[in-house]
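The structure appears right after this line, and notes come after that.
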Amino acid sequence: MADSPLRIGIVESGLIGRAWAVAFARSGCQVKLNDPADGVAAQALPLVADTCEAMAKLDLLNGRKVAEVGDTVGDADYVQENSPERRDIKITVFTELDEATRPDAIIGSSTSAILPSVFTSHVKYRERCIVVHPLNPPHIIPAVEVVPAPWTSQQTITRARDIMLDIGQKLIIVARGIDGFLWF
């Protein structure tokens, strides 16, 4: 990882969002949570902190220290989106994230079956959008599917891969998008 901690934005702070927050925080990243529902991100912060503390007591942090956990995504280097598995919701969320984040920030989705081309074709900086779908929970089972859209840049694929490897994830790179991420 770079000299300064990677800034991570978690969008939707439910079970998967909190698990991602733990996975990133235990690797020394600065993690900030966001959720459209009032109070959900604020309630998630102590749960993430408690999980990290419990993992530290069990020596499950890989020798790393937990970094800051906060509550906004605008300055993130990498954003992990965890909204419900609905095309219309993902289109709306990615439209908002494309406008709210820096143009060089990667936006990864935790979708389990919707191809990224379905919900990223309309965004201005679509080359930075990619699916990074975890096996669940990602802070316990360290494996992710990485699924680019046809327009996802090689730089985005490489950066997303490097970030996932740095936080201890194993990669399943899906070379060609097929519904449900199955490939032959």
Side-chain angles (χ1 to χ4, degrees), residues 1-85 89-90 93 97 100-102 104-113 130-147 156-174 181:
M1 189 176 293
D3 291 338
S4 60
L6 195 64
R7 294 169 298 198
I8 304 296
I10 302 293
V11 175
E12 299 272 342
S13 304
L15 184 62
I16 301 304
R18 290 190 312 264
W20 269 121
V22 171
F24 285 110
R26 74 164 181 224
S27 297
C29 299
Q30 290 180 352
V31 180
K32 297 186 178 183
L33 288 87
N34 180 285
D35 199 286
D38 285 341
V40 172
Q43 291 172 357
L45 291 172
L47 295 171
V48 170
D50 290 349
T51 302
C52 288
E53 184 178 323
M55 291 182 77
K57 287 179 182 175
L58 295 170
D59 197 27
L60 296 175
L61 296 182
N62 305 321
R64 296 183 176 183
K65 298 203 183 303
V66 174
E68 167 191 350
V69 179
D71 64 359
T72 183
V73 298
D75 66 344
D77 300 307
Y78 178 93
V79 174
Q80 186 69 41
E81 169 272 334
N82 308 286
S83 64
E85 290 290 311
I89 292 173
K90 292 206 179 285
V93 170
L97 287 173
T101 57
R102 298 187 338 250
D104 65 331
I106 294 174
I107 305 173
S109 176
S110 291
T111 183
S112 61
I130 192 166
V131 166
V132 181
H133 171 251
L135 274 64
N136 292 313
H139 66 292
I140 302 294
I141 305 171
V144 296
E145 292 176 292
V146 177
V147 186
T156 295
I157 296 167
T158 300
R159 284 180 59 212
R161 179 200 69 210
D162 292 348
I163 290 168
M164 291 301 118
L165 290 172
D166 191 60
I167 68 166
Q169 297 291 320
K170 306 294 184 228
L171 303 176
I172 303 165
I173 304 287
V174 179
F181 309 154

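Just so it is clear, the structure is predicted and the values come from calculations on it, not from any experiment. Heavy-atom basis, side chains included; hydrogens, waters and symmetry copies ignored.
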Worksheet entry | Shortest non-hydrogen contact from G9 toward A76 | N-CB, 3.6 Å

Worksheet item: Are the side chains of E81 and L97 in touch, meaning some heavy atoms are under 4.5 Å apart?
Response: yes

Discussion item. To the closest 0.5 Å, what do you measure between CG (D166) and SG (C29)?
Written reply: 6.5 Å

Discussion item. Taking K32 first and then D75, would you say they form a salt bridge - that is, a charged N and a carboxylate O separated by under 4.0 Å?
Written reply: yes

Worksheet item: Which distance, rounded to the nearest 0.5 Å, do you find between the CG of N136 and the CD1 of I141?
Response: 7.0 Å

Worksheet item: Y78 versus V132: any side-chain heavy-atom pair under 4.5 Å?
Response: yes

Worksheet item: To the nearest 0.5 Å, how far apart are CD in Q30 and OG in S4?
Response: 7.5 Å

Practice prompt. Please confirm whether the backbone N or O of V11 pairs with a side-chain atom of N82, one donor and one acceptor, at under 3.5 Å?
Written response: yes

Worksheet item: Going from CE on M164 to CD on E145, what distance comes out if it is rounded to the nearest 0.5 angstrom?
Response: 13.0 Å

Discussion item. Working note: I8 + I10, criterion side chain to side chain contact (heavy atoms under 4.5 Å, CB included); need CA distance, chi angles, decisive distance, verdict.
Written reply: CA-CA 7 Å; I8 304 296; I10 302 293; 3.9 Å; yes

Fill in: Minimal non-hydrogen separation, T111 against V131, with atom names
CG2-CG2, 3.5 Å

Worksheet item: Which pair of heavy atoms, one from I16 and one from S110, lies closest together, and at what distance?
Response: CG2-OG, 4.1 Å

Worksheet item: Can you find a heavy atom in the side chain of I172 that is under 4.5 Å from one in the side chain of V144?
Response: no

Worksheet entry | R7 CZ to T101 OG1 distance, which is reported to the nearest 0.5 Å | 12.0 Å

Worksheet item: What's the shortest heavy-atom distance between P5 and G28, and which atoms?
Response: CB-O, 3.3 Å

Fill in: side chain to side chain contact (heavy atoms under 4.5 Å, CB included) assessment of R161 paired with L171
CA-CA 7 Å; R161 179 200 69 210; L171 303 176; 2.8 Å; yes

Worksheet item: Nearest heavy-atom pair of S109 and Q80: which atoms, and what distance?
Response: C-NE2, 3.4 Å

Discussion item. So V147 and H133, do their side chains get closer than 4.5 Å, heavy atoms only?
Written reply: no

Worksheet item: Is the closest side-chain heavy-atom distance between I167 and R26 below 4.5 Å?
Response: no

Practice prompt. Supply the atom-to-atom distance R159 CZ to D104 CG, rounded to the nearest 0.5 angstrom.
Written response: 6.0 Å

Response to the item:
Closest non-hydrogen contact found for H139 with A23 is CB-N, 3.9 Å

Fill in: Sub-4.5 Å side-chain heavy-atom contact between V48 and F24
no

Discussion item. I'd like to know if the side chain of E12 pairs up with that of S83 as donor and acceptor (distance under 3.5 Å, no hydrogens or angles considered).
Written reply: no

